[in-house]
Peer 1: 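First the structure, then my questions, so here it is.
Order of appearance sets the numbers: ligands from 1, and atoms from 1 within every ligand. Reckoned from all heavy atoms, side chains included, excluding hydrogens, waters and symmetry mates.
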Amino acid sequence: MSEEAYRRIPVWKDVPLEEWQTYRWQMANRLQTVEQLRQVIRLTLSEEHAVTRRSGRFIMAIPPYWAALMDPDDPTCPIRRQAVPVEDEYHLSPNDLIDPLGEDSHMPVPGLVHRYPDRVLLLVVEVCAMYCRFCTRSRVVGTSAGFSKPMNIDHAIDYIKAHRKIRDVLISGGDPLTLSDERLDEILAKLRAIPHVEFIRIGTRNPVTLPYRVTESLCAVLRQRKPWMSLHFNHPKEITEPVRRACGMLADSGVPLGSQTVLMKGINDRPAIMKKLFHELLKIRVRPYYIYQCDPVKGTSHFRTSVSTGLQIIEKLRGHTTGYAVPTFVVDGPGGGGKIPLMPNYVVSMKDGVWTLRNYAGKSFTYTEETANGSGARQASIEPSYALIP
Ligand SMILES: *Cc1c(COP(=O)(O)O)cnc(C)c1O
Ligand code: SF4
């Protein structure tokens, strides 16, 4: 689709491309009401009801860039489903949790989650360019939790300064790229000034949901402060020409790019779709990092798949395609367990140091450890029941 395809939509037919391509215009013209949505897509009753519902709705805002990618007639369109609320959001499952990852109880200061000894999650803002309907942090995103208050960020930075075991800071939110380049630079500079902080990454969806945020001036900040970036892609349709350009600019600025993907029913729960997504990501120099089992966030049960769906996807990828195209499938342990990796089982059996393994094609091979042939301690055997996974 050409970048000017948005002109087929009557409300935007007169918007010049140069204006369309600005972050400012896109943010100012985000779709936030049912009337605005109706000008772009034919709403279903379920969407209509969900959007007009007054209480308890997770905030909706859709940049015209993203809205123009939505199928106006097909409510199952993966781009549309990620952005437009449906009535299912008000259906609560007994498994739903407000704070599925137990982040609030791991915050020593507001906006700083310290779960692993050597790294922290620093939430610097509650705002996003687009609000994803499955957002794990919907309890704070789009609210006035106040993470972006300079006082809160300074407290968090003081905490990092005082804890010398923290070597890795993940800057997230909300979306950190909704801050100005100057503010972002200031936060990065303060973190860079802490001697024990050796690794900084920015978790952002902005280059995907509104790629015009990536400008020369942002890239100049990144070239100087040298963070890594974790992007968030869920479907091959998200990889458009402007997204290719944005990722190219970031990669050319020396920013290593990774991508996280949330596994969702009807959106990307088929191996062929995931494979296509990961191949397209490699082409734009983005390394697939994690696939997340969908967290039990309040009102997202309609997105959740079985856990074995994720395992089947990994099974279809590992060995069958480029290793770089295979992310790690993780379940974030509800209540604060952190990311727990799951793999299909490749161990057929192990006895006395003789491992029987199967490869991606299902053929068996044995690997014999040195100790198995005489000297050294005998090891316990591992029976196929070692497999947690069928
Ligand atoms: C995901 C996460 C991290 C980073 O984990 P990695 O496996 O290093 O990517 C750190 N802190 C919290 C709280 C997280 O949720
Ligand atoms: S961009 Fe990230 S933080 Fe923002 S709504 Fe989407 S998933 Fe949540």
Peer 1: Examine all N, O or S atoms of Cys132, backbone included, and report whether one is under 2.8 Å from atom 4 (Fe) of ligand 2.
Peer 2: no
Peer 1: Distance only, no hydrogens: is a donor on one side chain within 3.5 Å (strictly under) of an acceptor on the other, for Tyr90 and His49?
Peer 2: no
Peer 1: List ligand 2 atoms under 4.0 Å from Cys135, heavy atoms only on the residue side.
Peer 2: 3 (S), 5 (S), 7 (S), 8 (Fe)
Peer 1: Mind checking what residues have non-hydrogen atoms under 4.0 angstrom from ligand 1?
Peer 2: Val113, Arg115, Tyr116, Arg119, Leu121, Leu170, Arg201, Tyr289, Tyr290, Lys339
Peer 1: Can you pull out the closest protein heavy atom to atom 2 (Fe) of ligand 2? Residue, atom name and distance to 0.1 Å, please.
Peer 2: His232 ND1, 4.5 Å
Peer 1: Of the options Val326, Thr261, Leu282, which is the one that meets Pro288 in a side-chain contact (heavy atoms from CB on, under 4.5 Å)?
Peer 2: Leu282
Peer 1: Under a 4.0 angstrom heavy-atom cut-off, which atoms of ligand 2 come close to Cys128?
Peer 2: 1 (S), 3 (S), 4 (Fe), 5 (S)
Peer 1: Between atom NE2 of His91 and atom NZ of Lys298, what is the distance when rounded to the nearest 0.5 Å?
Peer 2: 13.5 Å
Peer 1: Is any NZ, NE, NH1 or NH2 atom of the basic residue among Arg81 and Asp88 found under 4.0 Å from an Asp or Glu carboxylate oxygen of the other?
Peer 2: no
Peer 1: If I take atom CG from residue Asn152 and atom CG from residue Leu123, how far apart are they, to the nearest 0.5 angstrom?
Peer 2: 10.5 Å
Peer 1: Under 3.5 Å, is there a donor-acceptor pair linking the side chains of Asp181 and Ser217?
Peer 2: yes
Peer 1: Do we get Arg213 above Tyr23's six-membered ring, with its NZ or CZ under 6.0 Å from the centre and within 45° of the axis?
Peer 2: yes
Peer 1: Could you tell me the residue and atom name of the protein heavy atom closest to atom 1 (S) of ligand 2, and the distance to it rounded to 0.1 Å?
Peer 2: Arg205 CB, 3.5 Å
Peer 1: Any idea which heavy atoms bring Ile273 and Asn268 closest together, and the distance?
Peer 2: CG2-CA, 4.0 Å
